[in-house]
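In this text, all values refer to a predicted model and were calculated from it rather than measured experimentally. Computation of the quantities below employed the complete heavy-atom set of this structure, encompassing side-chain atoms and omitting hydrogens, waters and symmetry-equivalent molecules. Each residue takes its place number in the sequence, starting with 1.
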Amino acid sequence: QLQLVESGGGLVQPGGSLRLSCSASVFTFDYYAIGWFRQAPGKEREGVTCITGKGDRAWIEDSVKGRVTVSRDSAKKTAILEMTGLKPEDTAVYYCAAGWGCPSGTQILRPRDFTSWGQGTQVTVSS
């Protein structure tokens, strides 16, 4: 059974950066696309970025383009989300999830397309 564990959240000052890790406990890590989502209080869960199983393509939500980098390390079975220029509106619980593919073109990253989820890690952007 695929299990995902996020780490790296915490309190970050505005303008700062974060690096979140998503570790998987499955031999077939490369089979899965990894999506990153976030959910702020009182808001719906939204997709941030996604990387394919091979790591050859990434999808990034328009509002965070230029601030987000997503990567993965097959040997370590880990996916990484890096975000710079953090703003208070980036405050949310961040989740990684495993699915069968990433959006393309004008498609959006939908939580319902991902089947296995981590427990989430809180990121708070505040001075």
Side-chain angles (χ1 to χ4, degrees):
Q1 183 178 356
L2 174 60
Q3 292 184 324
L4 301 173
V5 178
E6 302 96 339
S7 60
L11 177 64
V12 185
Q13 290 192 342
S17 60
L18 64 79
R19 186 174 188 271
L20 303 180
S21 297
C22 174
S23 297
S25 62
V26 66
F27 178 76
T28 54
F29 179 64
D30 291 354
Y31 288 6
Y32 299 94
I34 299 296
W36 286 94
F37 298 82
R38 65 185 180 183
Q39 189 165 18
K43 294 188 177 181
E44 293 187 353
R45 192 168 298 189
E46 64 175 358
V48 177
T49 185
C50 180
I51 186 167
T52 57
K54 293 182 179 180
D56 57 352
R57 184 173 65 84
W59 179 95
I60 301 174
E61 205 279 325
D62 285 345
S63 68
V64 297
K65 279 184 178 176
R67 299 197 294 127
V68 162
T69 302
V70 61
S71 60
R72 63 191 295 158
D73 184 327
S74 295
K76 296 181 179 179
K77 297 183 174 55
T78 299
I80 302 294
L81 167 66
E82 296 177 285
M83 185 179 289
T84 60
L86 286 168
K87 308 172 185 179
E89 51 263 44
D90 293 318
T91 295
V93 178
Y94 283 71
Y95 301 88
C96 65
W100 298 114
C102 295
S104 60
T106 59
Q107 295 176 330
I108 62 173
L109 188 61
R110 303 182 304 184
R112 64 183 182 183
D113 293 332
F114 289 75
T115 55
S116 297
W117 291 79
Q119 82 287 353
T121 185
Q122 176 71 46
V123 173
T124 302
V125 183
S126 175
S127 54

Reported [atom1]-to-[atom2] distance for the pair [X] and [Y], which is rounded to 0.5 angstrom:
X	Y	atom1	atom2	answer
Arg67	Leu18	CZ	CG	9.0 Å
Asp73	Thr78	CG	OG1	6.5 Å
Gln119	Gln3	CD	CD	10.5 Å
Glu89	Leu86	CD	CG	10.0 Å
Met83	Thr69	CE	OG1	9.5 Å
Leu4	Cys22	CG	SG	4.5 Å

Any donor-acceptor pair under 3.5 Å from [X] side chain to [Y] backbone:
X	Y	value
Thr49	Trp59	yes
Gln39	Ala92	no
Arg72	Phe29	yes
Glu6	Gly120	yes

Taking a hydrophobic cluster as the set of Ile, Leu, Val, Met, Phe, Trp and Tyr residues connected by side-chain heavy atoms closer than 4.5 Å, whether directly or through intermediates, do [X] and [Y] fall within one such cluster?
X	Y	result
Leu109	Ile34	no
Tyr94	Val64	yes
Tyr95	Leu2	no
Ile80	Val5	no
Ile60	Ile108	no

* Asked: Is any side-chain N of the basic residue among Lys87 and Asp90 closer than 4.0 Å to the acidic one's carboxylate O?
  -> no

Tell me, do [X] and [Y] make a side-chain contact under 4.5 Å, heavy atoms counted?
X	Y	answer
Thr91	Gln122	yes
Val123	Arg38	no
Ser126	Leu11	yes

* Applying side-chain contact (heavy atoms from CB on, under 4.5 Å), run through Arg57 and Ser104 and close with a yes or a no. => CA-CA 9 Å; Arg57 184 173 65 84; Ser104 60; 3.9 Å; yes

* Structure fact -> The residue among Phe114, Phe37, Trp36 that forms side-chain contact (heavy atoms from CB on, under 4.5 Å) with Cys50 is Phe114

